[in-house]
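Please read all numbers here as calculations on a predicted model, not as lab measurements. Per chain, numbering begins at 1; letters A, B, ... match sequence-line order.
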Amino acid sequence: MEPRYDPAVEKKIYDSWEQSGYFDPDVCVEKGVTASDAEPFCVVLPPPNVTGVLHIGHAYEDTLQDIVVRHARMRGMRTLWIPGTDHAAIATQAKVEKEILKVEKKSRRDLGREEFLRRVNEFAQVSHDTIVQQIKRLGASLDWTREAYTLDEKRNLGVRTAFKKMYDLGLIYRASRVVNWDPKGQTVISDDEVQHEERTTKLYTFRYDKNFPIPVATTRLETKFGDTAVAVHPDDKRYAEYVGKTYHADFCGVPLTIRVIADPTVEKDFGTGALGVTPAHSIVDWEIAQRHDLAIPVSIINLYGKMINVPKPFEGETTATARAMVADELKKRNLIEKEEDVKQNVSIAERTGAIIEPLPALQWFVDVDKQFKQNNGHTTTLKALMREAVESGGTTIVPERFEKIYFHWIDNLRDWCISRQIWFGHRIPVWYRERNGVQETHVDIDPPKDDGWEQDPDTLDTWFSSGLWPFSTLGWPDKTKDLEIYFPNSFMDPGYEILQLWVARMILMSGVIMEDVPFRKVLIHGIVRDSKGEKFSKSKGNGIDPLLLADKYGADALRMTLVIGAAPGNDVKFDEQRVKGYRNFSTKIWNIARFIQMNKPEGFADDVDAGAAKHIAAREEIKELAALKAEVTKHIDDFEFHLAAEKLYHYVWHTLADKIIEQEKKTLAGGTDAEKSESYALLEHLLLGSLTMLHPFMPFITEEIYQIFRPGKMLMVEQW
RNA sequence: GCGCGCUUAGCUCAGCGGUAGAGCAACUCGUUUACACCGAGUGGGCCGGGGGUUCAACUCCCUCAGCGCGCACCA
């Protein structure tokens with residue numbers, strides 16, 4: 001054995017695993033390492049976005065899965081782990097758009113849809129290749145023969161099939177309503193893609209004009225051109241006499257017709273207790289307007305955040321400028337009664353950082369409250385279905401506290417807006433044409449055969465295709481053998497930041513389409529942060545390249561650092577110092593192996609030294625190892641990888657090396673031949689046993705050493 | 001506002017009803033069949049504050065504080 005373990009061999013080891021074909025469970029069955037009737041175990045990789053390179057968070061996520069997968073494989077299960085990448089519609093398009101604008105000073109419209117998509121696909125391909133190499137470098141035992149992409153043809157067929165099915169069930173509909181408009185990305189986004197940021201802003205208390213009886217408080221003076229009502233609480237005695245009446249007001253030169261209505265959602269104690277209702281530019285106001293049958297509102301803000309349908313000088317101004325102008329005008333008219341600073345949560349688009357502009361638009365939605373009938377005869381709603389999947393125990397979420405967050409999210413869920421005004425993604429499978437003045441709509445998997453149809457220009461929310469991932473990767477909508485064997489998946493390991501965006505959508509989609517849960521267990525993990533507890537981000541420049549660390553200390557050391565870093569669901573604070581510590585552990589393991597190998601008695605061979613093996617069977621050290629195995633197995637089954645890894649670390653270093661080897665040194669030096677053989681047999685047994693248990697955590701070094709002791713074998717598929 | 005976490009040794013974190021644990025850091029010794037990417041050992045903790053349940057609480061319950069997160073409101 002070399003005096004030192006060199007992480008450079010890790011690439012070679014990965015290649016040998018890949019060449020063996022054992023990542024593919026069919027090959028395992030074929031070659032007899034897995035029984036043909038073995039219980040299936042399937043995990044689908046959360047597909048990394050093709051927007052760049054792998055970061056340390058991926059390394060963490062992939063390590064956790066690889067532990068589960070390798071453990072299952074070693075226990076003889078028919079184990080499949082499917083790789084793939086995510087086209088990540090908005091994220092990827094935005095990235096390429098930005099790059100093209102920077103380098104060529106061109107917008108996507110300058111290039112045209114076809115050319116632009118060619119560029120995005122090119123970028124995605126390069127990004128994909130990098131990512132795959134990176135995943136392999138970390139040792140993930142994925143079956144690359146089954147690799148998928150959320151935007152490949154197979155998955156596109158799945159998306160179209162799912163859309164059609166949900167449309168036919170009445171779960172997908174098209175409607176005009178106030179949506180979250182991202183003025184920067186020029187697209188609608190769903191509620192879950194909106195984030196909130198607290199800011200201080202001015203709250204104005206004003207009157208539309210001198211004769212209007214009720215003062216109203218608002219932070220958005222510029223939208224008041226679009227007001228059609230003032231809402232007060234039904235129990236509010238101050239305004240009871242005005243309820244039901246309609247007033248004509250002159251608001252900064254614009255004639256408004258304002259009805260006073262009573263609605264229980266209005267808070268008496270906020271502002272003046274009276275709310276100016278702007279149906280076109282507030283989701284809440286839109287809903288109030290619906291309840292009170294207010295007239296169809298006029299938009300006063302366009303898609304670029306500029307004022308429209310208002311007189312000069314307001315027309316064409318940005319909302320911010322218009323707000324200041326309105327404030328000036330009202331002051332001139334002496335209509336501002338109060339001006340105060342308030343804290344307000346501003347809605348931000350998570351991808352572009354733009355402030356959301358609520359405005360009315362015609363979009364496609366998934367109805368989460370609609371009753372529909374499943375093939376199995378049950379009548380349900382999507383909300384109920386998502387709730388039941390977890391309540392019934394069909395899917396278990398670990399740690400349990402995330403179940404609470406999940407239910408809380410369902411309780412507050414609104415219809416899911418799935419159409420996006422971007423080009424990169426799955427085109428909506430709907431075609432329109434006008435015939436004799438009548439608008440016709442065709443919703444199907446394939447385009448209509450006859451003439452005159454035009455496909456909807458929009459694409460689908462990336463999470464629509466991601467939601468199908470647990471079964472689209474298995475070949476659905478075809479009735480494949482994989483689907484039969486491996487669905488529902490056994491395990492899924494996403495981060496908590498996509499519990500709602502992704503996990504919930506998979507449960508939803510699987511519930512409608514497959515009428516089953518997508519997976520049995522979900523282990524939610526935390527975020528990897530830097531040593532100060534800050535999130536890694538490009539703008540902060542605190543990123544760490546997991547690949548550099550793997551090359552420097554070995555992928556195994558990196559994996560151990562991440563695993564022992566924290567309990568499930570908690571964030572991991574990452575410090576390079578710790579990786580060093582586990583590199584030292586690798587060295588320790590290496591030296592244990594070297595020491596044992598150096599002491600192999602002349603002529604010792606496993607088949608002829610059955611006597612030595614028999615002798616050691618009764619020894620305490622063997623029992624101790626067996627007890628450890630039971631503990632480690634239990635911890636892995638309970639997803640307590642940090643405990644399993646820590647115990648193994650402690651055993652190997654402080655029991656096997658510090659105690660047992662030290663104790664055996666005397667025998668190895670001065671014992672009889674029989675005693676030496678026994679001593680060696682014991683140490684070898686303990687070493688190989690430790691390597692076996694360590695393998696899911698530190699696959700490379702364990703494989704390397706194992707093959708030195710057992711040439712021709714492969715630890716990856718040895719018995720646990 | 002509703003909900004969910006976290007607070008344990010200098011640092012990073014485990015443990016979660018039975019006399020406080022690990023890694024790193026610090027200190028003291030040590031180099032004998034591997035390993036200084038060593039070994040043996042030492043110091044260091046009112047387990048965030050207060051109250052309760054219990055024979056027994058870091059562990060369960062209540063409450064307060066600080067930090068973080070989710071959802072809603074934000075007119």
Side-chain angles (χ1 to χ4, degrees), chain A residues 1 3-5 191-192 195-196 198-199 201 203-205 216-221 223-224 227 230-232 263 265-267 270-278 281-285 288 342-347 399-414 496-497 499-500 526-527 529 531-533 553-554 557 560-561 564-567 569-599 640 642-643 645-647 649-650 653-654 657-659 661-662 664-670 683:
Chain A
M1 277 177 84
R4 283 181 184 195
Y5 173 70
D191 295 344
D192 294 281
Q195 292 174 340
H196 302 282
E198 195 175 78
R199 293 190 185 169
T201 189
L203 179 70
Y204 298 95
T205 302
V216 168
T218 185
T219 56
R220 296 206 64 186
L221 277 176
T223 66
K224 300 293 105 183
D227 282 14
V230 164
V232 299
D263 195 281
T265 60
V266 178
E267 268 188 56
F270 190 92
T272 60
L275 161 67
V277 180
T278 321
H281 298 288
S282 155
I283 292 174
V284 176
D285 291 7
I288 293 176
V342 289
K343 289 231 189 285
Q344 179 191 231
N345 282 330
V346 180
S347 298
E400 208 184 331
R401 70 186 133 100
F402 290 108
E403 290 193 355
K404 291 177 192 163
I405 294 174
Y406 173 78
F407 289 133
H408 194 245
W409 175 79
I410 293 174
D411 290 340
N412 290 299
L413 190 61
R414 298 172 197 247
Y496 59 65
E497 75 277 13
L499 174 64
Q500 294 98 327
I527 293 174
R529 296 168 181 275
S531 57
K532 293 184 202 107
Y553 302 109
M560 283 296 270
T561 308
I564 298 185
N570 290 356
D571 291 350
V572 182
K573 242 177 246 179
F574 191 86
D575 190 348
E576 190 168 333
Q577 191 61 35
R578 291 183 49 232
V579 190
K580 238 177 180 166
Y582 293 107
R583 187 271 319 266
N584 294 354
F585 181 52
S586 295
T587 308
K588 191 74 190 179
I589 297 171
W590 190 255
N591 280 304
I592 290 169
R594 276 181 66 212
F595 176 81
I596 293 173
Q597 201 205 29
M598 278 159 58
N599 284 286
E640 295 167 336
H642 61 300
L643 297 181
E646 215 172 275
K647 280 185 181 166
Y649 174 95
H650 210 264
W653 200 317
H654 301 299
D658 291 348
K659 297 210 175 78
I661 287 184
E662 289 306 320
E664 293 304 310
K665 276 181 180 173
K666 275 183 221 125
T667 317
L668 290 167
L683 292 179

Counting the atoms with a prime plus P, OP1 and OP2 as sugar-phosphate, which does [X] contact under 4.0 Å by heavy atoms, base, sugar-phosphate, or nothing?
{"X": "His281(A)", "result": "nothing"}
{"X": "Thr219(A)", "result": "sugar-phosphate"}
{"X": "Asp658(A)", "result": "sugar-phosphate"}
{"X": "Gly569(A)", "result": "nothing"}
{"X": "Ala231(A)", "result": "nothing"}
{"X": "Leu668(A)", "result": "base"}
{"X": "Gln597(A)", "result": "nothing"}
{"X": "Arg414(A)", "result": "sugar-phosphate"}
{"X": "Arg4(A)", "result": "base"}
{"X": "Gly276(A)", "result": "sugar-phosphate"}
{"X": "Ile596(A)", "result": "nothing"}
{"X": "Asp571(A)", "result": "nothing"}
{"X": "Val266(A)", "result": "base"}

Open item on the list: Please report the interatomic distance CG(Asp191(A)) to CG(Asn412(A)), rounded to the nearest 0.5 Å.
Closed with: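 Reported to 0.5 Å precision, the distance equals 10.5 Å.
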Task: Approximate separation, where rounding is to 0.5 Å, of Lys343(A) NZ and Asn345(A) CG - done: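 Rounded to the nearest 0.5 Å, the NZ-CG separation comes to 10.5 Å.
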Task: Closest-nucleotide ordering on RNA chain B, the 5'-leading residue of Tyr496(A) and Val342(A) - done: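 In this pair, the answer is Tyr496(A).
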Task: Contact nearer the 5' end of RNA chain B, comparing Leu275(A) with Gly670(A) - done: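 Final value for this comparison: Gly670(A).
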Between [options], spot the one nearest the side chain of [X], thanks.
{"X": "Gln500(A)", "options": "rG70(B), rA34(B), rA14(B)", "result": "rG70(B)"}
{"X": "Phe595(A)", "options": "rG15(B), rC35(B), rU33(B)", "result": "rU33(B)"}
{"X": "Ser347(A)", "options": "rC74(B), rA72(B), rA22(B)", "result": "rC74(B)"}
{"X": "His408(A)", "options": "rG3(B), rA34(B), rC74(B)", "result": "rG3(B)"}
{"X": "Lys665(A)", "options": "rG70(B), rA34(B), rA14(B)", "result": "rA34(B)"}
{"X": "Lys573(A)", "options": "rC4(B), rC13(B), rC74(B)", "result": "rC13(B)"}
{"X": "Asn412(A)", "options": "rA72(B), rA34(B), rG23(B)", "result": "rA72(B)"}
{"X": "Gln577(A)", "options": "rA25(B), rC38(B), rA34(B)", "result": "rA25(B)"}
{"X": "Phe270(A)", "options": "rA72(B), rC4(B), rC74(B)", "result": "rC74(B)"}
{"X": "Lys404(A)", "options": "rC13(B), rC73(B), rG5(B)", "result": "rG5(B)"}

Could you state the [atom1]-[atom2] distance from [X] to [N], rounded to the nearest angstrom?
{"X": "Asp285(A)", "N": "rC73(B)", "atom1": "CG", "atom2": "P", "value": "11 Å"}
{"X": "Glu497(A)", "N": "rG70(B)", "atom1": "CD", "atom2": "P", "value": "10 Å"}
{"X": "Arg401(A)", "N": "rC69(B)", "atom1": "CZ", "atom2": "P", "value": "14 Å"}
{"X": "Leu203(A)", "N": "rC73(B)", "atom1": "CG", "atom2": "C1'", "value": "14 Å"}
{"X": "Met560(A)", "N": "rU12(B)", "atom1": "CE", "atom2": "P", "value": "21 Å"}
{"X": "Ile527(A)", "N": "rC13(B)", "atom1": "CD1", "atom2": "P", "value": "13 Å"}
{"X": "Glu267(A)", "N": "rC74(B)", "atom1": "CD", "atom2": "P", "value": "8 Å"}
{"X": "Ile661(A)", "N": "rA40(B)", "atom1": "CD1", "atom2": "C1'", "value": "17 Å"}

- [ ] Report the C-alpha distance between Thr278(A) and Arg220(A) in whole Å, list the side-chain angles of each, state the deciding distance to 0.1 Å, and finish with yes or no for side chain to side chain contact (heavy atoms under 4.5 Å, CB included).
- [x] CA-CA 10 Å; Thr278(A) 321; Arg220(A) 296 206 64 186; over 6 Å; no
TODO: Check the pair Thr201(A), Arg199(A) against side chain to side chain contact (heavy atoms under 4.5 Å, CB included), reporting the backbone distance first and the verdict last.
DONE: CA-CA 6 Å; Thr201(A) 189; Arg199(A) 293 190 185 169; 5.8 Å; no
Open item on the list: Between the base of rA34(B) and the side chain of Glu662(A), is one N or O donor paired with an acceptor at under 3.5 angstrom?
Closed with: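 Yes, a donor-acceptor pair under 3.5 Å.
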Task: Donor-acceptor pair (no angle test) under 3.5 Å: Asp575(A) side chain, rU12(B) base - done: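 No, no donor-acceptor pair under 3.5 Å.
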Open item on the list: Quick test of your reading of the model: are Asp227(A) and Lys224(A) salt-bridged, counting only N-O distances below 4.0 Å?
Closed with: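 Yes, Asp227(A) and Lys224(A) are salt-bridged.
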TODO: Walk me through it: do Leu683(A) and Asn599(A) pass the test side chain to side chain contact (heavy atoms under 4.5 Å, CB included)?
DONE: CA-CA 10 Å; Leu683(A) 292 179; Asn599(A) 284 286; over 6 Å; no
Phosphate OP1/OP2 of [N] contacted by [X] side-chain N/O (<4.0 Å):
{"X": "Asn591(A)", "N": "rA36(B)", "answer": "no"}
{"X": "Asn345(A)", "N": "rA72(B)", "answer": "no"}
{"X": "His642(A)", "N": "rG23(B)", "answer": "no"}

Can you tell me how far [atom1] in [N] sits from the matching atom in [M], rounded to whole Å?
{"N": "rA25(B)", "M": "rU59(B)", "atom1": "P", "value": "31 Å"}
{"N": "rG18(B)", "M": "rA57(B)", "atom1": "P", "value": "11 Å"}
{"N": "rU8(B)", "M": "rG3(B)", "atom1": "P", "value": "26 Å"}

TODO: Anything below 3.5 Å on both distances counts as a pair; with that, list the stems of at least three consecutive Watson-Crick or G-U pairs involving RNA chain B.
DONE: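 Output for stems: B:1-7 with B:65-71, B:10-13 with B:21-24, B:26-30 with B:38-42, B:48-52 with B:60-64.
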- [ ] Check ring-ring contact (aromatic ring centres under 6.0 Å, His included) between Tyr649(A) and all other residues, then give those that pass, not counting sequence neighbours.
- [x]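 For Tyr649(A), the residues satisfying ring-ring contact (aromatic ring centres under 6.0 Å, His included) (neighbours in sequence not counted) are Tyr582(A), Phe585(A), Trp653(A).
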Open item on the list: Assess the residue pair Glu576(A) and Thr561(A) against the criterion (side chain to side chain contact (heavy atoms under 4.5 Å, CB included)); give the C-alpha distance rounded to whole Å, side-chain angles, the decisive distance to 0.1 Å, and a yes or no.
Closed with: CA-CA 9 Å; Glu576(A) 190 168 333; Thr561(A) 308; over 6 Å; no
